[in-house]
Amino acid sequence: MPELTVPTLRELPLRILPPALLRTGRYGLGGRGSAHLVERHARVYRRTWGVLISGFVEPLFYLLSIGIGLGKLVGTVTGPGGHVIGFTSFVAPALLATSAMNGAVLDSTFNVFFRLKYAKLYDSTLATPMRADEIALGEIGWALIRGSLYATAFMAVMLALGLVHSAWALLDVPVAILIGFAFAGAGMAGTTFMRSWQHFEFITLSTLPMFLFSTTFYPLGVYPRPVQMFIEVTPLYQGIVLLRGLTLGIVGPGLLPRVGYLVIMGIAGLIVAGRRIQRLLLA
Amino acid sequence: MDMPAEGASGHTEAAGRLPEEQETYEGLSVPAGMVCDVAEREVLIRARGLTKVFGQFRAVDGIDFELTRGEVFGFLGPNGAGKSSTMRMIGCVSPPSGGELRIFGLDPVNDGPSIRARLGAVPQEDTLDVELTVRENLLIYGRYFGLRRDVIKERTARLLDFVQLAERADDQVEPLSGGMKRRLTIARSLISEPEILLLDEPTTGLDPQARHVVWDRLYRLKQQGVTLVLTTHYMDEAEQLCDRLVVMDRGKIAAEGSPRELIAAHSTPEVLELRFRIDEQEQAVEKLADLPDVRIEVLADRILVYTADGDAALADVGRCGLEPLTSLIRRSSLEDVFLRLTGRRLED
Ligand SMILES: Nc1ncnc2c1ncn2[C@@H]1O[C@H](COP(=O)(O)OP(=O)(O)O)[C@@H](O)[C@H]1O
Ligand SMILES: [Mg+2]
């Protein structure tokens, strides 16, 4: 039997959270069992690895067409802290954030819904010592492993195109994973409330506008103040500000609350998802 | 609870007198073999007034039972009797709504994962992982139990042989026949070498040949001393496999005992089955009711005459001037027990 291709990554979910956080009473935030679900997914995707490519090429196409193509027309924009920067450098970190969001949402919604309602995967999983919260963390962990591969590949392209302007960009991949964590948690939690595929319209309805309006292609300043205030509280905006700051080397303590925002969003999603799966399947 | 079967009740009561010892023993989780004295009649599952309510509906309505290590215990009952609901509570995938349930001395609500680690479950509907091959199904399921890959690999080879699926090891699951899927589910449930194997209607929906293969495998497990809990609505399945069973109907236990005890307690040794022309049936029922020492049950297509001596009863039938189209003398079965206890038939 061939060994698993990513043996070190299998244990990743364990390292995302300190062990003390992993279990509180009957519910927890995942545990050892999460890694087994990740192993299961890795096995399935080893045969269908082709689908993994789309997660990488999609943001790349955006970068090449909009970033570089449009960049020729636009030239420069006013970035964080009033710095004037090239359009492509402005857009690239936002595309990284967006792809982290999209990848995480896809994994934690469509795929989870299918496994929950159709493949009945978790019904058999829960007949074993596995707990519902381990399933939740396993799913999120798997989304993050895929996300980290995409983010790393995208970073390599950014580096090659000279779009990385600071050593702070070393934190880009971890932050992209954090963005994935926040959206995977929220996405999975939301999925447990969905009854049919129609409900997935809500997901597109929330991620697409975030992609278009969260200062992906132009600065916040172009909007009237009320709209700005709305955008400032959306999750993707936090991720874009973080990645843009790090990539351009414009970093300050103001970024920390945004990290906290995403951490809390992810953990809240993880808890809700675990408890909902418990309620849905262990009834 | 009505306990007609003296032998069975004496058996379980003996275990019931040792609750403290039992609990301490479970608490320490000493391997079974180390306490020979207790292992004889070690109670693995104890249910008292166990209840499952869905909304207003009482699917399981206050049942009591005990499972002892090494025995094959069955729930026999028609569709909707509450068998699956009971099995899901035992399997710790459905919390009891009321009553008491202890498995290995543990509480299924608080200790679900530790209990499930020691159980094997074959649910009513196969829940195989269709994105994995036959072999991978065992591998991943074993990993869910935290087993090491080399341990799983060794057991997989053995188990696939046991369920006669070795040739299909690297095939996808979807194209397998119903019987093969069932056998694979059984193999999967054995990967963790469970102390109790739960089988919810192991052969329902299989064609006769596939059923016999599954029965044969279960019979071997029984002979190896594996503790089995199974549900079925096939009386032949219950009769062949179960050491002890409860007859379940509408969420309640109607009777308990070994198949032989149940038949002795609730039916007669022989049954005379008579068919009459439709227009003669009513008249025949009246006359048969007057026969001495018999009890009759009228079914849609035939009349059952319960008697100690079928030949004598058939002679009596002739003396009343009745001419059945066909007559058949057979031994009583659990089907007759069920009919007696509930007034209804098991299958259909
Ligand atoms: N999840 C559920 N929600 C509501 N009713 C249920 C549920 N599960 C089972 N029931 C009902 O409980 C009764 C017993 O079901 P079940 O335990 O599956 O019986 P059996 O396995 O003996 O056929 C049935 O009437 C069934 O409709
Ligand atoms: Mg059932």
Side-chain angles (χ1 to χ4, degrees), chain A residues 1-4 7 10-11 14 22-28 30-49 51 111-112 114-135 138 142 274 277-283, chain B residues 52 54 85 87-89 91-95 97 107-133 135-147 149-150 152-153 156-157 169-170 172-173 185 188-189 191-192 194 198 200:
Chain A
M1 205 176 302
E3 264 306 301
L4 206 72
R10 265 190 310 109
E11 307 299 331
L14 291 181
L22 289 178
R23 182 103 204 257
T24 51
R26 206 184 298 166
Y27 298 102
R32 273 189 64 86
S34 308
H36 304 320
L37 192 63
V38 171
E39 179 178 350
R40 184 249 169 219
H41 294 341
R43 236 164 218 283
V44 171
Y45 278 83
R46 209 171 46 176
R47 274 193 294 275
T48 56
W49 56 271
V51 301
N111 292 348
V112 165
F114 177 77
R115 289 172 193 142
L116 185 65
K117 304 272 175 174
Y118 293 89
K120 305 270 179 200
L121 176 66
Y122 310 138
D123 291 72
S124 60
T125 312
L126 285 172
T128 73
M130 295 267 284
R131 300 191 311 265
D133 58 287
E134 291 178 312
I135 291 177
W142 172 244
I277 289 177
Q278 173 106 9
R279 273 193 53 183
L280 286 174
L281 298 182
L282 297 181
Chain B
K52 184 73 195 186
F54 295 108
S85 304
M87 288 294 256
R88 287 173 51 76
M89 288 192 279
C92 306
V93 291
S94 168
S97 315
D107 169 19
V109 175
N110 289 314
D111 303 312
S114 355
I115 297 172
R116 296 198 301 257
R118 300 164 67 181
L119 297 177
V122 175
Q124 185 165 349
E125 304 289 335
D126 287 326
T127 54
L128 294 166
D129 194 328
V130 295
E131 291 185 283
L132 299 173
T133 65
R135 190 197 304 279
E136 287 174 333
N137 260 276
L138 299 191
L139 168 67
I140 295 299
Y141 204 74
R143 296 291 289 154
Y144 293 157
F145 279 87
L147 300 174
R149 285 191 200 85
D150 53 347
I152 298 171
K153 199 172 168 181
T156 297
D170 296 307
Q172 292 294 306
V173 164
T185 305
R188 190 183 69 170
S189 71
I191 195 81
S192 56
L198 308 172
D200 196 356

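Each chain gets a letter, A, B and so on, in the order its sequence line appears, and its residues count up from 1. Every value quoted in this text rests on a predicted model; they were computed, and no experiment measured them.
- A heavy-atom distance below 4.5 Å is not found between the side chains of A/Arg43 and B/Arg143.
- The parts of B/Leu132 that come within reach of chain A are both its backbone and its side chain, each placing non-hydrogen atoms under 4.5 angstrom from that chain.
- Expressed to the nearest 0.5 Å, how far CD of B/Glu136 lies from CZ of A/Arg46 amounts to 6.5 Å.
- Put simply, the side chain of B/Ser94 never gets that close to the backbone of A/Leu282: no donor and acceptor are under 3.5 Å apart.
- Heavy atoms closer than 4.5 Å to chain B are found in the backbone of A/Ala283, but not in its side chain.
- The 12-atom threshold is not exceeded at CD of B/Glu125, counting heavy atoms of other residues, nucleotides or ligands nearer than 6.0 Å.
- When heavy atoms are compared at a cutoff of 4.5 Å, B/Val93 approaches chain A by way of both its backbone and its side chain.
- Within the 4.5 angstrom heavy-atom criterion, no atom of B/Ser189 approaches chain A.
- Of the residues considered (A/Lys120, A/Arg115, A/Met130, A/Arg40), A/Arg40 shows the highest number of contacts with chain B, using heavy-atom pairs under 4.5 Å.
- Top candidate by heavy-atom pairs under 4.5 Å with chain B, chosen from A/Leu281, A/Val44, A/Leu121, is A/Val44.
- Summarising the geometry, atom CG belonging to B/Asp129 is positioned 7.5 Å from atom OG1 belonging to A/Thr125; distances are rounded to the nearest 0.5 Å.
- Between A/Pro129 and B/Pro113, the shortest heavy-atom contact is O-CB, 3.3 Å.
- Atom CZ in B/Arg188 sits 9.5 Å away from atom OG1 in A/Thr128 (nearest 0.5 Å).
- A distance of 10.5 Å separates OG1 in B/Thr127 from CG in A/Leu126, rounded to the nearest 0.5 Å.
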